[in-house]
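Note sheet for the following structure.
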Amino acid sequence: MDIFIHRSSKVFGGKIFDGRLIIFLRPFCSSDSTASTLTSHSLTIPILKDLISKQHWSEVKAHLKETDPTALLCHLLSSKADPEIILRYYNWSQKELKISHPLQLSFGLLHSLATTKSYSKIRAFLHKFVQDENLHSNSSIFHALSICSNKLCANSIIADMLVLAYVRNLRTRLGFEAFKRAGDYGFRLSMFSCNPLLSALVKDNAIGDVEYVYKEMMRRRIEPNVITFNVVINGLCKVGKLNKARDVIEDMKAWGIPTNVVTYNTLIDGYCKMGRVGKMYKADAILKEMVANKVFPNEVTYNILIDGFCKDENVSAAKKLFEELQRRGLKPNVVTCNSLINGLCCAGKLDEAIEFWDEMLGLGLNRNVVTYNVLMNGFCQKKMIKEARDLFDDMRGHGLAPNAITFNTLIDAYCKNGMMEEAFVLQSSMLEKGVFPLASTYNCLIGGLCINGDIKAARKLIFEMEDKGLRADHITYNILIGALCQEGESRKAAKLLNVMFKVGLSPSHVTYNTLMDGFCMEGNLKAALNVRMQMENKGRRANVVTYNVLIKGFCRKGKLKDANGLLNEMLERGLIPNRTTYEIVREEMMEKGFIPDIEGHLYNVSISS
DNA sequence: GGCGATACCG
């Protein structure tokens, strides 16, 4: 890189001319001193380089009495000094002289480091650079980068490292913005920045941006690898776009990149977590597909399926898989056991859960915090608070520290069993145990107060949590909305929905369903249907609970034909009626002599559960 | 740089 310094001025800009960067300098205070400074510079530059390389900073400082530190940086850059020496000077002058050099020079330095392939130095530089509170905008950064050099290759490498630095420092939005700018400038990024960017966007649930980056990568011919595709598939699965996820697998084939076990595991998990008809059947189909493609299931595959069957209230299928896993020479791990113990607890089979808890050690597996949490929760579900507390007290002796979820589990149990005092005592003991209470911790307490009908105290607790810097979340609102509905104050509850929008919270299915239930209980079907419309306008499709709530509401009003229509509609939409649906139909329709069209289907539901 | 388990709301 060639840098021309316009004589007798301080830096205020730069320009590429004839492939060389010209830095314009602002005039010094007096033109006389300027002339002498520059003369002395040309004489002292070699001396200064030497002083810098030896880190004789006090002598460097003495020289800088007559010279502007930024002008010296310019000279070092234009004299093609060793990039290491320039970097050393740059860092020292920023730290000791509190100088903030112009962006162009910072990127000039990076370009000079690029010429010697000192990439780790560039990475480290950018890592610190993006942590700056007064970070420059991406628009000025890219402008500076582009005017420093027209070497596309070096610019691309620096831009790539910049994106990565943003992502590593959790500044995902800026990383995404830089990704877009890099495209505008024609800089070619690589999977080394794009994969972490995609991964961070998935974690932020910004799936629209994930799809954008993915499409752009294809358009810009940024070479992807199997991880690129796996991350995108995971993002799409998280928001239920399973068909799109399958399309990505087709893209992989087009790129000639083979799928691997993670690809299939991700997709299987996507199906397991999606509540549609025959989801486990579909998950199983993918398992067969992967084997047909010579990709063999590993422990994680089994863990995903075991958890899926447990959540599908089919623990016996989960247990069979547990046996199969071992038959295939694979070893269950702590996650496998945690899923099974949790599944057994949820199915009310506490005895079997405890049996399994004992067997774990025989398998050579150590329990972790989650193991404790799930069994504690199992005890709590059976109102065995004492046993849950014993487990809690037992943890430390086994070298395990309770986490926020451990506390939440026990606090919630206290709240639900009329032991508010114990709940508050436990909550206030959290900090001294080094665990920060979360919004969810307060949610447990708020729920407890609401059960006692003390909505006033609940609202007061919200102020307390916000004082501690914890924001009420959508669950907090769900609890309050539910409590108001219970008291026959659905109108007031509906107002909270608007409050949620105002504070930037997005109501969930539970929020809408709770409110609909409130209106249904008051016999206000019109208001309930209105809530459903609001919900679907927000892009949330009715789920099984929505239908259950509405069907029950219509039945109670004697509108059995309308209820029957809703039953048909839910099936058409691919939703699985559950045990609650069956109970509603039996109690509210069949006992009154009305046989719904989907009776046979419901019969299957009733015998399987 | 990618996949799996737990609590608070219907």
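Numbered from 1 within each chain, the chains take letters A, B, ... in sequence-line order.
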Exercise. In whole angstroms, how far is the C1' atom of dT6(B) from the CE atom of Met395(A)?
Worked result: 11 Å
For this session: Figure out the CG/P separation between Leu480(A) and dG10(B), and round it to whole Å.
Result: 12 Å
Exercise. What pairs with Asp358(A) under salt bridge (Lys or Arg N to Asp or Glu O under 4.0 Å), at least two apart in sequence or on another chain?
Worked result: none
Exercise. Which part of the nucleic acid does Met516(A) contact within heavy-atom distance under 4.0 Å: base, sugar-phosphate only, or nothing?
Worked result: nothing
For this session: Please determine, by modelled atom types, if Asn234(A) and Thr266(A) share a side-chain donor-acceptor pair under 3.5 angstrom.
Result: no
For this session: Go through dG10(B), dC9(B), dC3(B) for me and flag the one nearest to the Asn478(A) side chain.
Result: dC9(B)
Exercise. With sugar-phosphate meaning primed atoms plus P, OP1 and OP2, does Arg367(A) contact a base, only sugar-phosphate, or nothing at under 4.0 Å between heavy atoms?
Worked result: nothing
For this session: Report which part of the nucleic acid Val374(A) touches: base, sugar-phosphate, or nothing (heavy-atom distance under 4.0 Å, all strands).
Result: sugar-phosphate
Problem set entry | Nearest-nucleotide pick for Asn368(A), side chain only, options being dA5(B), dG1(B), dC9(B) | dA5(B)
For this session: For the side chain of Phe192(A), starting at C-beta, report the closest nucleotide among dG10(B), dG1(B), dC9(B).
Result: dG1(B)
Seminar exercise, completed: Testing dG1(B), dG10(B), dT6(B) for proximity to the side chain of Arg168(A), the answer is dG1(B)
Exercise. dT6(B) P sits how many Å from Ile405(A) CD1, rounded?
Worked result: 9 Å
For this session: Compare the minimum distances between each of dA5(B), dC9(B), dC3(B) and the side chain of Asn265(A), then state the nucleotide with the smallest one.
Result: dC3(B)
For this session: Assess the side chains of Asn443(A) and Asn478(A): does a donor N or O sit below 3.5 Å from an acceptor N or O?
Result: no
For this session: Apply salt bridge (Lys or Arg N to Asp or Glu O under 4.0 Å) to Lys244(A) and list each qualifying residue two or more places apart in sequence or on a separate chain.
Result: Glu211(A)
For this session: Can you tell me the distance, in whole Å, between the CE atom of Met274(A) and the P atom of dC3(B)?
Result: 20 Å
For this session: With heavy atoms under 4.0 Å as the rule, sort Val549(A) into base, sugar-phosphate or nothing.
Result: nothing
Exercise. Which pairs count as side chain to side chain donor-acceptor pair (under 3.5 Å) when at least one residue sits in residues 483-500 of chain A, sequence neighbours excluded?
Worked result: Ser490(A)-Glu522(A)
Problem set entry | Selection from dC8(B), dA5(B), dC9(B) that lies nearest to any side-chain heavy atom of Cys444(A) | dC8(B)
Exercise. Counting any heavy atom closer than 4.0 Å, what does Asn260(A) reach on the DNA or RNA strands: base, sugar-phosphate only, or nothing?
Worked result: base
For this session: For Asn543(A), answer base if it contacts any base atom (sugar-phosphate contacts may also be present), sugar-phosphate if it contacts only those atoms, and nothing otherwise; contact means non-hydrogen atoms under 4.0 Å.
Result: base
Exercise. In chain order, what residues pass the salt bridge (Lys or Arg N to Asp or Glu O under 4.0 Å) check against Glu323(A), with sequence neighbours excluded?
Worked result: none
Problem set entry | Interatomic distance where CG belongs to Leu287(A) and P belongs to dC3(B) [whole Å] | 20 Å
For this session: Answer with base, sugar-phosphate or nothing: what part of the nucleic acid does Asn333(A) contact at a heavy-atom distance below 4.0 Å?
Result: base
For this session: Select base, sugar-phosphate, or nothing to describe what Ile304(A) touches, counting heavy atoms under 4.0 Å on all strands.
Result: sugar-phosphate
For this session: Under 4.0 Å from any atom of DNA chain B, heavy atoms only: list the residues of residues 338-347 of chain A that qualify, in numerical order.
Result: Asn338(A), Ser339(A), Asn342(A)
Exercise. Can you find a heavy atom in the side chain of Val226(A) that is under 4.5 Å from one in the side chain of Thr259(A)?
Worked result: no
Exercise. Hey, does the side chain of Lys552(A) come within less than 4.0 Å of dG10(B)'s phosphate (OP1/OP2), counting only N and O?
Worked result: no
Seminar exercise, completed: Met535(A) atom CE is separated from dC9(B) atom C1', nearest whole Å, by 15 Å
Exercise. Roughly how many Å is it from CG in Asn403(A) to C1' in dA5(B), rounded to a whole number?
Worked result: 12 Å
For this session: Look at all strands and tell whether Val370(A) reaches a base, only sugar-phosphate, or nothing, counting heavy atoms closer than 4.0 Å.
Result: base
Exercise. Taking the six-membered ring where the residue is Trp, are the ring centres of Phe392(A) and Phe407(A) under 6.0 Å apart?
Worked result: yes
Exercise. Where along residues 406-416 of chain A does a heavy atom fall under 4.0 Å from DNA chain B?
Worked result: Asn408(A), Thr409(A), Asp412(A), Lys416(A)
For this session: Could you tell me whether the side chain of Asn417(A) and the main chain of Ala413(A) form a donor-acceptor pair under 3.5 Å?
Result: yes
Exercise. Mind checking whether Tyr212(A) and Leu201(A) have side chains closer than 4.5 Å, heavy atoms only?
Worked result: no
Exercise. Of the nucleotides dC3(B), dC8(B), dA7(B), which one has an atom closest to the side chain of Leu438(A)?
Worked result: dA7(B)
Exercise. Under 4.0 Å: is that the gap between some side-chain N or O of Asn377(A) and OP1 or OP2 of dT6(B)?
Worked result: no
For this session: Please say whether the positively charged group of Lys468(A), taken as NZ for Lys or CZ for Arg, lies over the ring of Tyr442(A), i.e. under 6.0 angstrom from the six-membered ring centre and within 45 degrees of the axis.
Result: no
Exercise. Side chain of Ser199(A): nearest nucleotide among dG10(B), dG1(B), dT6(B)?
Worked result: dG1(B)
Exercise. Rounding to a whole Å, what distance do you find between Leu325(A):CG and dA5(B):P?
Worked result: 16 Å
